[in-house]
Amino acid sequence: MPFWVQILAGLTLGIILGLLARGLELSWLAETLTQIGSIFVQLLRVAVPPLIFTAIVVSIASLRQVTGAARLAGQTLLWFMITSLLAVTIGLVLGLLTNPGLNTSLSQDNAEAYDGTSGSWLDFLTGIIPANVLGVSAETSTEQADGVVSVTTALSFNVLQIVVVAAVVGAAALAAGEKAEPFLAFNRSALALVQKVLWWIIRLAPIGTLGLIGKAVATYGWGLLGPLATFTVDVYVGCALVLFGVYSILARLHGLSPLKFFSGAWPAIELAFVSRSSVGTMPLTQRVVTRNLGVPQEYASFAVPFGATTKMDGCAAIYPALAAITVAQIFGVNLGLTEYLLIAFVSVVGSAATAGLTGAIVMLTLTLSTLGLPLEGVGLLIAIDPILDMMRTATNVAGQALVPTIVAKREGLLDLQVYNGPRSALAPEPEPEPAASPVTATA
């Protein structure tokens, strides 16, 4: 059975089980679905740090011509910005046409204080400089219940910091020459092992999809959407226009079939929709980009992790634009041309500024604070955020797959035979990375 069919089957069964759990109030079923989805995403996230580190080290060692590699990075960043600008423009136009803040029963009296994480323009500096060589941080929380104090410590990693560490180590290995060859050989072997384990995890995607969508259906009712119906529709329509409209046009302008792009990237887009995690979906995104879309592994190993942190057309462009207009209208603040230009600027540049603190809420707080709007507006929208996040994340991941594809096509690196090939399933087994065959950009 093709892999995308397996995921679709898991999606359908998850919706059915979620409806049963919600309709019959089966708490045990809802909890089971939640645990299945959480365990799957956790498995994917465990594979992310070793995958990023080993893949980038090996890739940089293969990119022998620094000039070509630098141009690839520049092209990637440029197209990240271009697509973000197109996405935020669509968000602004939708907001101005529909006035989502005026078509709501909510008012500023319904706003609650927001005390969560807020975005700052300095976050890029703190996010890109690793706190340690592994880019890992630990957070400890204390809870007290029935006189019993429990202390929990959780480890978390910063994708951008791992990218930076791996890039520096890879460049150092390249500069060291033959002395670093044993280290590079070890990384190639480690990468082959990580890819093998990762494929075993990805094979569980249909079961993970079942749990994730089942939990979403069982947990989030549509009753919350009533007061913000126009805003919700705007977010979904805006993301759909970018996902199926803008991305299709960009693919066609580069001589690529949009149908082939979506059929190749669809497993990752589906998983992103139900998992609501670009980082969690990243291993599958990288796999479909190379195996289905024909992007060289050496380039994809850099572009996909970088995009998972900074390329967020749904969370960092469409959503903040619509949310800022909604909050401004609810609080009775008139936005002029200067404010709309600021929204566009924050959407294009802000996702890089907050790269160390990924998430739509972080971007929203950065947008509101830049415009001088009250952060209490976040409290008005946060209740329905999980429902919006599904479509936003699917749009993010589609863009993270598209940009490396069109950049590889522009630079003459794309394997068109793979891109235009059949989409029966993902390759059953990952192959070890080649030791040589460096990839260089061509004019």
Side-chain angles (χ1 to χ4, degrees), residues 3-18 21 30-49 51-52 154 156-159 197-220 235-236 239-240 243 262 264-289 292 304-305 307-316 319 358-363 384-402 426:
F3 187 71
W4 67 269
V5 176
Q6 296 177 36
I7 292 185
L8 187 60
L11 185 71
T12 304
L13 184 57
I15 292 174
I16 295 173
L17 293 177
E31 179 63 23
T32 301
L33 293 171
T34 299
Q35 291 300 323
I36 291 174
S38 299
I39 289 172
F40 176 68
V41 173
Q42 184 176 342
L43 287 173
L44 282 173
R45 290 177 66 87
V46 165
V48 167
L51 175 66
I52 294 176
S156 61
F157 58 87
N158 186 308
V159 174
V197 173
L198 183 58
W199 173 245
W200 294 341
I201 297 173
I202 289 176
R203 293 287 294 183
L204 301 175
I207 300 175
T209 299
L210 180 151
L212 289 164
I213 193 64
K215 177 233 178 180
V217 173
T219 304
Y220 308 115
V235 171
Y236 268 76
C239 288
L243 180 58
F262 284 110
W266 199 251
I269 296 173
E270 279 184 316
L271 182 58
F273 183 84
V274 297
S275 70
R276 298 167 42 215
S277 173
S278 294
V279 173
T281 309
M282 193 209 74
L284 183 56
T285 306
Q286 187 164 320
R287 189 173 182 85
V288 299
V289 164
N292 288 355
V304 174
T309 306
T310 61
K311 172 62 179 168
M312 300 178 287
D313 287 344
C315 292
Y319 176 75
T358 55
I361 297 300
V362 172
M363 273 299 301
I384 63 170
D385 191 72
I387 299 174
L388 304 180
D389 200 25
M390 294 188 290
M391 189 62 176
R392 291 189 317 230
T393 308
T395 307
N396 294 345
V397 169
Q400 293 158 17
L402 176 71
L426 289 178

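What's counted below: heavy atoms across the whole structure, side chains too, no hydrogens, waters or symmetry copies.
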Heavy-atom side-chain proximity of W266 to N292 below 4.5 angstrom: no
Nearest atoms (heavy-atom pairs only) where V46 meets P49: O-CD, 3.5 Å
Atom pair CD1 (I207) and CD1 (I7), whose distance is rounded to the nearest 0.5 Å: 11.5 Å
Close side-chain approach of L44 to I201, heavy-atom, < 4.5 Å: yes
Test item: S277 and T393 side chains (from C-beta on) under 4.5 Å apart, heavy atoms: no
N396 side chain vs D313 backbone, donor-acceptor pair below 3.5 Å: yes
F273 vs V397, side-chain contact (heavy atoms from CB on, under 4.5 Å): CA-CA, chis, key distance, verdict: CA-CA 9 Å; F273 183 84; V397 169; over 6 Å; no
Residue pair R392 / V235: nearest heavy atoms and the distance that separates them: CG-CG1, 4.2 Å
T395 versus C239, closest heavy-atom pair with distance: OG1-CB, 3.2 Å
Closest non-hydrogen atom pair between I269 and A398, with its separation: CD1-CB, 3.8 Å
Heavy-atom closest contact (M363 atom, A316 atom, distance): CE-O, 3.5 Å
Non-hydrogen side-chain atoms of F40 and L210 separated by less than 4.5 Å: no
V5 side chain reached by P206 side chain, heavy atoms, under 4.5 Å: no
Gap separating the OH atom of Y236 from the CG atom of L388, nearest 0.5 angstrom: 6.5 Å
Minimal non-hydrogen separation, P267 against G264, with atom names: CD-O, 3.6 Å
Electrostatic pair D385:R276 at N-O distance under 4.0 angstrom: no
Point-to-point distance, once rounded to the nearest 0.5 Å, from OG of S278 to NZ of K311: 11.0 Å
Straight-line distance of E270 CD to L284 CG, nearest 0.5 Å: 9.5 Å
Distance, nearest 0.5 Å, that separates OG1 of T209 from CD1 of I36: 11.5 Å
Q35 atom CD: more than 12 heavy-atom contacts under 6.0 Å: yes
Side-chain heavy atoms of R287 within contact of L198, under 4.5 Å: no
Student check: side-chain heavy atoms of I361 and Y319 closer than 4.5 Å: yes
Gap between atom CD1 of I15 and atom CD1 of I213 - 0.5 Å precision: 5.0 Å
Residues Q400, T281; criterion side-chain contact (heavy atoms from CB on, under 4.5 Å); working and verdict: CA-CA 11 Å; Q400 293 158 17; T281 309; over 6 Å; no
